[in-house]
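Below is one structure, written out as structure tokens; comments come after it.
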Amino acid sequence: MNTKDKRNDSPLNLSEETFPIIEQITTGMPGGFFIYHADEEGKLIYANRSLIKMYGCDDLDDFKSYTGFTFSGLVHPQDLERVCESIHSQITENDDLDYVEYRIVRKDGEIRWIEDYGHFVRTGHYGDIFYVFVEDATAKHYKQIDEENAKMLMEEKLRTMEQLEHETTSLRIVHEILGSGMWTMEFDENGKMIGVLWSDTFRFMLGYKSKADFPDELESWSCLIHDEDRDGVLKEYYDTIYDYTGRKTFNAEYRLLTKDKGYRWFRSKGRLSRRSDGTPVTYVGTFVDITERVRITQEFREQRKLLEQALKQAQNSDRAKTVFLNNMSHDIRTPMNAIIGFAALAEAHIDDRELLKDYISKILASGNYLLSLINDVLDMSRIESGKLQIEEDKCLLSDIMNELCSIVEADISSKELDFSIDTSAVVNDKIICDRLRLNQVLLNIVSNSLKFTQKNGMICISVSERRGASEGYELYEFKIRDNGIGMSREFIDHIFEPFERERTSTVSGTQGTGLGMAITKNIVDLMKGTVTVESEEGMGTQFTVSFTFPIWEENDEDPEHASSVDDKGCDEDARSKWLADKEFFTKKRLLLVEDNELNLEIAQTILEEAGFCVDTAEDGSKAVEMVKKSDKENIYDIILMDLQMPVMDGFEATREIRRLKDPVLSGIPIIALTANAFDEDRRLAFECGMNGHLGKPIEIDKLLSTLKEILESRQD
């Protein structure tokens with residue numbers, strides 16, 4: 001019977017030195033007791049005198065000779081296979097306890113039935129073993145026995161019961177020798193409990209040292225069971241007692257309150273011996289402290305749960321990104337199709353001025369939409385990498401709202417929407433915030449309303465101040481409400497997640513990356529604000545955004561006069577004047593540094609049409625050489641520098657020019673003209689010595705106004 005892989009208890013120091021003790025304990029037992037190896041051979045280690053007599057043998061040598069001193073030699077050959085399978089099955093289920101009935105053949109040839117109570121342990125000296133108590137059970141199997149034999153068996157049973165206390169004590173001592181935490185409970189003929197015995201080992205496990213601290217009473221144990229475990233444990237305990245079939249084994253894992261270590265986990269197992277009518281006689285069981293095993297198991301489950309959650313999130317993210325890529329493929333190809341298609345039509349109708357103008361306007365619109373898609377993706381990438389920074393400055397809230405109104409005015413008119421902005425509840429107009437990002441948040445939400453509000457619909461924006469801010473600050477609440485198509489309840493829960501879009505037939509034709517609201521939420525978080533949404537399908541949507549902004553005093557510098565060169569714009573009249581007035585850019589020398597031929601052609605054409613004399617360089621190293629070789633009469637008035645170029649990039653080229661010994665050459669104004677349009681790119685441009693930063697695609701008005709402003713400042 002090989003069960004070496006089943007038990008995990010620590011090895012016990014059972015050796016031949018303990019045999020005299022065991023011999024002394026088991027000598028007076030009416031029942032048999034033996035110990036044997038838990039392996040295929042099943043060699044016996046010890047057998048008491050009662051067992052030897054049970055087999056009709058004279059002494060130990062006679063017993064060894066008759067049985068071969070093996071477990072298989074004790075069992076009737078016809079029962080051996082069944083017995084081994086039963087023991088193995090029970091040990092597998094119960095870890096250490098088994099009960100089985102089988103026939104034996106005495107030396108005189110008489111066949112008798114016995115009850116076998118086995119316990120599996122691991123020892124230090126003998127390895128894995130079984131120790132077994134056996135009783136004669138012939139009466140159970142031969143009910144037709146004559147009255148005289150029945151009387152004799154009954155008298156023997158009574159003698160057995162008289163020895164019960166001795167046997168219980170013996171069992172307790174054996175458990176203590178083997179290091180097991182043990183308990184026994186005794187019952188009278190009516191099935192009433194008449195005694196409880198807790199082993200000292202069990203007391204020590206719970207932190208108690210004596211019976212005075214932990215009496216031999218059932219309540220000593222039951223009152224320590226954790227409240228969450230008590231009902232289940234006690235039900236299992238009593239169900240085992242009242243199972244008169246004798247098949248049930250008490251088996252429970254639960255928490256007990258120890259005296260000095262708080263709650264610890266224990267595993268308890270127990271079996272009952274019973275009378276012929278099924279009433280209990282003795283309830284015997286063990287305790288094992290499994291706290292460490294439970295801790296490891298719980299940690300494993302928690303780690304597994306975290307891994308499952310991470311896997312689920314990864315799978316959801318992969319699905320969302322797959323949808324995003326599909327959407328992006330569609331949304332990028334749509335404007336690209338328009339750009340390529342209308343460009344081909346324009347080429348085919350080059351002589352039709354009106355038709356050509358219409359095609360070009362559609363190409364520009366598609367190009368601008370394509371640019372907005374790319375900007376969304378890049379913004380989301382910068383947010384996820386932690387590179388998006390909030391840059392606060394003084395500004396006027398009214399200016400931000402006016403700017404928002406100007407941006408969406410054309411779309412509002414084209415859809416004939418009822419649009420209003422109410423700032424009557426704003427008291428402090430002077431705030432400190434990131435003007436660009438606040439505008440982006442509001443514009444993203446308003447753009448969303450524009451997409452999903454039908455013609456002749458309504459969009460209302462209200463701005464108010466709320467109580468709750470500390471001194472020097474004000475709490476501003478922005479509400480953007482529309483009566484558009486609204487959103488489903490399911491989508492509202494995911495609206496701020498990246499790559500998510502409402503998947504209904506109503507909005508299936510609406511373009512977008514599904515990043516706008518995710519970008520909005522992330523910017524609001526960076527600005528330490530909050531954003532919520534309420535919506536109902538067919539009834540419209542309301543976004544509420546709240547920020548706490550510092551306010552500034554009247555005598556502080558007016559923010560309208562503090563704009564930097566690269567952000568400053570101008571009104572339409574001024575732009576028209578600058579475009580029309582070539583007494584200023586004519587004969588001004590400009591070095592255009594650009595490695596892309598198409599971008600170079602576009603920029604060169606714009607600049608030459610504005611009046612500049614333009615030289616070009618395809619990389620930074622060539623630009624540095626051209627500046628060095630320019631004579632005093634042909635010094636460049638200004639340089640437009642790309643940032644990403646082969647051989648030498650724009651940053652290094654600028655540093656090389658600034659290191660020139662000639663102060664006139666080293667002081668030539670340099671403006672970045674680049675597709676590297678992030679805040680960190682702008683910061684790096686100024687750090688290496690540039691005078692301004694302009695992004696691509698080129699905004700002609702902004703390009704020319706910036707050039708003129710810098711050139712005018714040098715004339716002054």
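For reference, positions follow the sequence shown, starting with 1. From a predicted model like this one, the values you see are computed outputs, not experimental measurements.
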Restricting to non-hydrogen atoms, name the atom on [X] and the atom on [Y] that form the minimum distance, rounded to 0.1 Å.
X      : Y      : answer
Gly650 : Met645 : N-CE, 3.7 Å
Met626 : Tyr636 : CE-OH, 3.5 Å
Leu438 : Leu397 : CD2-CD1, 4.3 Å
Phe419 : Cys405 : CE2-SG, 4.2 Å
Cys395 : Cys433 : SG-SG, 3.6 Å
Ile459 : Ile480 : CG2-CG2, 4.5 Å

Is there side-chain contact between [X] and [Y], with at least one heavy-atom pair below 4.5 Å?
X      : Y      : value
Leu396 : Trp552 : yes
Leu673 : Leu643 : no
Asp595 : Pro646 : yes
Asn456 : Leu417 : no
Leu660 : Val627 : yes
Glu537 : Phe491 : no
Lys394 : Lys430 : no
Asp493 : Arg489 : no

Strictly distance-based, threshold 3.5 Å: is any side-chain N or O of [X] a donor or acceptor partner for the main-chain N or O of [Y]?
X      : Y      : result
Glu594 : Asn596 : yes
Arg658 : Ser666 : yes
Lys588 : Phe584 : yes
Ser713 : Ile710 : yes
Asp482 : Thr541 : yes
Thr453 : Asn483 : no
Thr423 : Val426 : no
Glu465 : Val427 : yes
Ser621 : Val647 : no

How about [X]: does its [atom1] atom have over 12 heavy atoms from other parts shown lying under 6.0 Å from it?
X      : atom1 : answer
Glu687 : CD    : yes
Glu347 : CD    : no
Arg301 : CZ    : no
Gln644 : CD    : no
Gln309 : CD    : yes
Tyr473 : OH    : no

What is the distance from atom [atom1] of [X] to atom [atom2] of [Y], rounded to the nearest 0.5 Å?
X      : Y      : atom1 : atom2 : answer
Thr616 : Leu591 : OG1   : CG    : 8.0 Å
Asn522 : Met517 : CG    : CE    : 12.0 Å
Glu409 : Leu404 : CD    : CG    : 11.5 Å
Asp637 : Leu711 : CG    : CG    : 6.5 Å
Ile639 : Asp615 : CD1   : CG    : 10.5 Å
Ile445 : Phe543 : CD1   : CZ    : 6.0 Å

Name each donor-acceptor pair under 3.5 Å that joins a side chain in residues 523-531 to protein atoms two or more places apart or in another chain, with its distance.
from: Asp525; atom 1: OD1; to: Lys521; atom 2: NZ; distance (Å): 3.1
from: Asp525; atom 1: OD2; to: Lys521; atom 2: NZ; distance (Å): 2.9

If you measure from the Lys or Arg side-chain nitrogens to the Asp or Glu carboxylate oxygens, is any gap between Arg714 and Glu709 under 4.0 Å?
no

Taking the basic N atoms (NZ, or NE/NH1/NH2) and the acidic carboxylate oxygens, is any pair closer than 4.0 Å for Arg435 and Glu403?
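Salt bridge flag = yes for Glu403 with Arg435.
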
The single option from Arg481, Lys479, Glu534 passing side chain to side chain donor-acceptor pair (under 3.5 Å) against Thr544
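Of the listed residues Arg481, Lys479, Glu534, the side chain to side chain donor-acceptor pair (under 3.5 Å) partner of Thr544 is Lys479.
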
Side chains of [X] and [Y] only: does a donor on one sit below 3.5 Å from an acceptor on the other?
X      : Y      : value
Ser462 : Asp422 : no
Glu299 : Gln303 : no
Gln440 : Arg437 : yes

Relative to the ring of Tyr476, is the ring of Phe549 parallel (under 30°), tilted (30 to 60°) or perpendicular (over 60°)?
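If you compare the ring of Phe549 with that of Tyr476, the planes turn out tilted.
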
Between Leu607 and Leu707, does the side chain to side chain contact (heavy atoms under 4.5 Å, CB included) criterion hold? Intermediate values first, please.
CA-CA 10 Å; Leu607 293 167; Leu707 290 171; 3.7 Å; yes

Test side chain to side chain contact (heavy atoms under 4.5 Å, CB included) applied to Gln298 and Val294, step by step:
CA-CA 6 Å; Gln298 288 176 340; Val294 171; 3.6 Å; yes

Set of salt bridge (Lys or Arg N to Asp or Glu O under 4.0 Å) partners for Lys357, sequence neighbours left out:
none

Pick one: which of Lys305, Lys312, Arg304 meets salt bridge (Lys or Arg N to Asp or Glu O under 4.0 Å) with Glu308?
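When salt bridge (Lys or Arg N to Asp or Glu O under 4.0 Å) is applied between Glu308 and each of Lys305, Lys312, Arg304, only Arg304 qualifies.
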
Would you sort out whether Thr674 and Asp681 count as a side chain to side chain contact (heavy atoms under 4.5 Å, CB included), showing the intermediate values?
CA-CA 9 Å; Thr674 176; Asp681 301 313; 5.8 Å; no

Apply the test side chain to side chain contact (heavy atoms under 4.5 Å, CB included) to residues Ile412 and Leu450: give CA-CA distance (whole Å), side-chain angles for both, the deciding distance (0.1 Å), then the verdict.
CA-CA 8 Å; Ile412 294 293; Leu450 283 167; 3.5 Å; yes

